[in-house]
Amino acid sequence: MLGDDIKKLGFGLMRLPRIEGSDDVIDIEQTKQMVDEFLAAGFTYFDTAWAYPGSEDAARQALVERYPREKFQLATKNAVWIGRKTKEDAIEQYNTSLRRTGAGYFDFYLLHNLGDSRTKVFDDLDLWNYFLGEKEKGKIKHLGFSFHSTPEQLDEILNAHPEAEFVQLQINYADWDSHSIQSGKCYEVARRHNKPVIIMEPVKGGNLASPPESVEKIFKDADPKSSCASWALRFAADLEGVITVLSGMSSIEQMRDNLSFMKEFTHLTPEQKNVIERARIELANLPVIPCTTCNYCSKVCPMDIGISGSFGALNMYTLYKNYGLAKMRHDWDVMGHGHKRANECIKCGACEGVCPQHIEIRKELERVAETFKD
């Protein structure tokens, strides 16, 4: 299988450490130390993207300029749907990534975040064929895509593009049976198409490193010495057909914790799988808005409020108390998809008349508006 020579932990460069007192200046010296310890432990896969501010430059400084090119695999991504959406834009993104990283070639090159209208952009601009041409030139070793949408759309893409060598999916135990993320169903589609999987968000943006107290207790009762993050990463790495599991590590301490249990990774025992399943059930039973993202409400909303996206963000904040990440999800799932914010609701009640879950939508939208008012 593709990636059999790659160990099961990948270094995601999206959340690199920042200089103290700054939100946007990457701490290159600490990043170098993290790269050194990662490679010394036998791991070799690094993941960045054109759209991650400063990340490709950091990859050049901390990795490419300091190690022989054959000692690591580097992945990056093309997000042509950001900007003018022309083929020239896509090619410029690709060339910019080559220039920023100084890598010479990419071991894994991804069409970034396929799904919904973004899929069509890559198809309309004939970018699959363009990047296959770059693969023939040796500038790309393996071509695939990342994905954040429904299993039905994933199936359509893989049917249309059998040339995709792998797919990168959001998979974690919290989202495995989620009505919105549908990690498990997307994984099953990839396996049905015999596509190797790279896993992103195994710790759900860091949320599963510090889950709600009742969930943490299940893990600590089972193994007081293991971090909650370790359970999440091992759940993902245990799946068949996985090339590697990306962890967006933000400090040397996080790096060392991950290395401590992934360096000699072994598959989960039945008892350990049962612990994770109990944690997943506990997390699913916590009091959140019972939205299943059927989106019947949005079809009758005269204001085009992003109802299900709003509820998903509020649920994330309720569970994990991570306002920054919840706000980011709110902005992406609502305004990022062209919907109106909760504070524009006119209280007509049409949504509540069609909601199969009988949610008091108007009341919950007031909570969303108050939570994400900035």
Side-chain angles (χ1 to χ4, degrees), residues 9-39 43-67 69 71-84 89-113 118 139-140 145-146 148 168 170 198-207 209 244-256 258 322-329 331-332 336:
L9 179 65
F11 190 172
L13 305 180
M14 183 180 184
R15 300 182 178 91
L16 290 173
R18 266 41 183 183
I19 295 290
E20 188 173 353
S22 170
D23 292 331
D24 55 6
V25 180
I26 293 173
D27 185 340
I28 294 296
E29 293 308 311
Q30 186 174 177
T31 301
K32 287 179 180 178
Q33 186 180 2
M34 294 168 72
V35 166
D36 292 346
E37 296 199 16
F38 186 77
L39 288 168
F43 298 96
T44 57
Y45 191 98
F46 295 82
D47 171 89
T48 181
W50 172 88
Y52 301 164
S55 175
E56 290 182 329
D57 287 314
R60 183 191 73 255
Q61 295 177 65
L63 175 66
V64 177
E65 294 178 347
R66 301 174 63 242
Y67 286 92
R69 183 63 183 87
K71 296 297 184 181
F72 59 87
Q73 295 88 29
L74 184 62
T76 196
K77 313 176 188 74
N78 192 293
V80 69
W81 40 268
I82 300 175
R84 291 182 295 137
D89 287 335
I91 295 170
E92 176 56 26
Q93 279 194 28
Y94 169 67
N95 288 328
T96 296
S97 292
L98 284 169
R99 185 173 63 253
R100 282 176 179 168
T101 62
Y105 64 89
F106 295 114
D107 301 274
F108 291 77
Y109 196 72
L110 294 83
L111 308 188
H112 195 174
N113 197 9
R118 299 176 299 281
K139 295 289 188 178
I140 293 170
F145 63 95
S146 61
H148 285 277
Q168 185 163 306
Q170 177 174 330
I198 295 170
I199 292 179
M200 57 183 161
E201 303 291 354
V203 195
K204 200 172 174 64
N207 285 317
T244 196
V245 178
L246 301 176
S247 179
M249 294 168 274
S250 303
S251 68
I252 191 66
E253 291 77 20
Q254 290 178 7
M255 170 69 73
R256 288 170 179 166
N258 287 350
N322 186 331
Y323 181 80
L325 201 64
K327 179 67 164 55
M328 187 186 304
R329 175 171 176 177
D331 292 350
W332 171 252

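The first residue in the sequence is number 1, and the count goes up from there.
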Just checking, any donor-acceptor pair under 3.5 angstrom between side chains of Ser97 and Gln93?
->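 Looking only at side-chain atoms, Gln93 and Ser97 do not form any donor-acceptor pair under 3.5 Å.
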Would Thr48 and Glu56 count as having a side-chain donor-acceptor pair, cut-off 3.5 Å?
->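 No, no side-chain donor-acceptor contact under 3.5 Å.
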Apply side-chain contact (heavy atoms from CB on, under 4.5 Å) to the pair Phe72 and Val35, showing each step before the final yes or no.
-> CA-CA 11 Å; Phe72 59 87; Val35 166; over 6 Å; no
Checking side-chain contact (heavy atoms from CB on, under 4.5 Å) for the pair Asn78/Trp50: CA distance, chi angles, key distance, verdict?
-> CA-CA 6 Å; Asn78 192 293; Trp50 172 88; over 6 Å; no
Can you list the residues that meet the salt bridge (Lys or Arg N to Asp or Glu O under 4.0 Å) rule with Glu20, with sequence neighbours excluded?
-> none
Can you name the one residue among Asp47, Thr44, Thr244 that meets side chain to side chain donor-acceptor pair (under 3.5 Å) with Gln73?
->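 Checked Asp47, Thr44, Thr244 against Gln73; only one passes side chain to side chain donor-acceptor pair (under 3.5 Å): Thr44.
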Out of curiosity, [X] [atom1] to [Y] [atom2], how far, rounded to the nearest 0.5 Å?
{"X": "Ser146", "Y": "Glu201", "atom1": "OG", "atom2": "CD", "result": "11.0 Å"}
{"X": "His112", "Y": "Tyr52", "atom1": "NE2", "atom2": "OH", "result": "4.5 Å"}
{"X": "Met34", "Y": "Met255", "atom1": "CE", "atom2": "CE", "result": "4.5 Å"}
{"X": "Leu111", "Y": "Gln168", "atom1": "CG", "atom2": "CD", "result": "11.5 Å"}
{"X": "Glu65", "Y": "Thr101", "atom1": "CD", "atom2": "OG1", "result": "10.0 Å"}
{"X": "Thr76", "Y": "Phe106", "atom1": "OG1", "atom2": "CZ", "result": "5.5 Å"}

Determine, step by step, whether Asn258 and Arg256 satisfy the side-chain contact (heavy atoms from CB on, under 4.5 Å) criterion, reporting the C-alpha distance in whole Å, the side-chain angles of both residues, the deciding distance to 0.1 Å, and the verdict.
-> CA-CA 5 Å; Asn258 287 350; Arg256 288 170 179 166; over 6 Å; no
[X] versus [Y], closest heavy-atom pair with distance:
{"X": "Ser55", "Y": "Ala49", "answer": "OG-N, 4.5 Å"}
{"X": "Ala209", "Y": "Val203", "answer": "N-CG1, 3.3 Å"}
{"X": "Ile26", "Y": "Pro53", "answer": "CD1-O, 3.9 Å"}
{"X": "Gly102", "Y": "Val64", "answer": "O-CG1, 3.5 Å"}
{"X": "Ala103", "Y": "Leu74", "answer": "CB-CD2, 3.7 Å"}
{"X": "Arg18", "Y": "Arg15", "answer": "NH1-C, 4.2 Å"}

Within a reach of under 6.0 Å around NZ of Lys139, are more than 12 heavy atoms found that belong to other residues, nucleotides or ligands?
->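 Result for NZ/Lys139: open.
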Ignoring hydrogens and angles, tell me if any N or O in the side chain of [X] forms a donor-acceptor pair with the backbone of [Y] under 3.5 Å.
{"X": "Arg118", "Y": "Trp81", "result": "no"}
{"X": "Arg66", "Y": "Ala62", "result": "yes"}
{"X": "Asp27", "Y": "Pro17", "result": "no"}
{"X": "Arg60", "Y": "Arg100", "result": "yes"}
{"X": "Gln30", "Y": "Ile252", "result": "yes"}

Dump the intermediate steps for side-chain contact (heavy atoms from CB on, under 4.5 Å) on Leu39 and Leu63, then the final yes or no.
-> CA-CA 10 Å; Leu39 288 168; Leu63 175 66; 4.0 Å; yes
Classify the ring geometry between Phe38 and Phe46 as parallel (under 30°), tilted (30 to 60°) or perpendicular (over 60°).
-> perpendicular
Evaluate salt bridge (charged side-chain N to carboxylate O under 4.0 Å, His left out) for Asp36 paired with Lys32, printing each intermediate quantity in order.
-> CA-CA 6 Å; Asp36 292 346; Lys32 287 179 180 178; over 6 Å; no
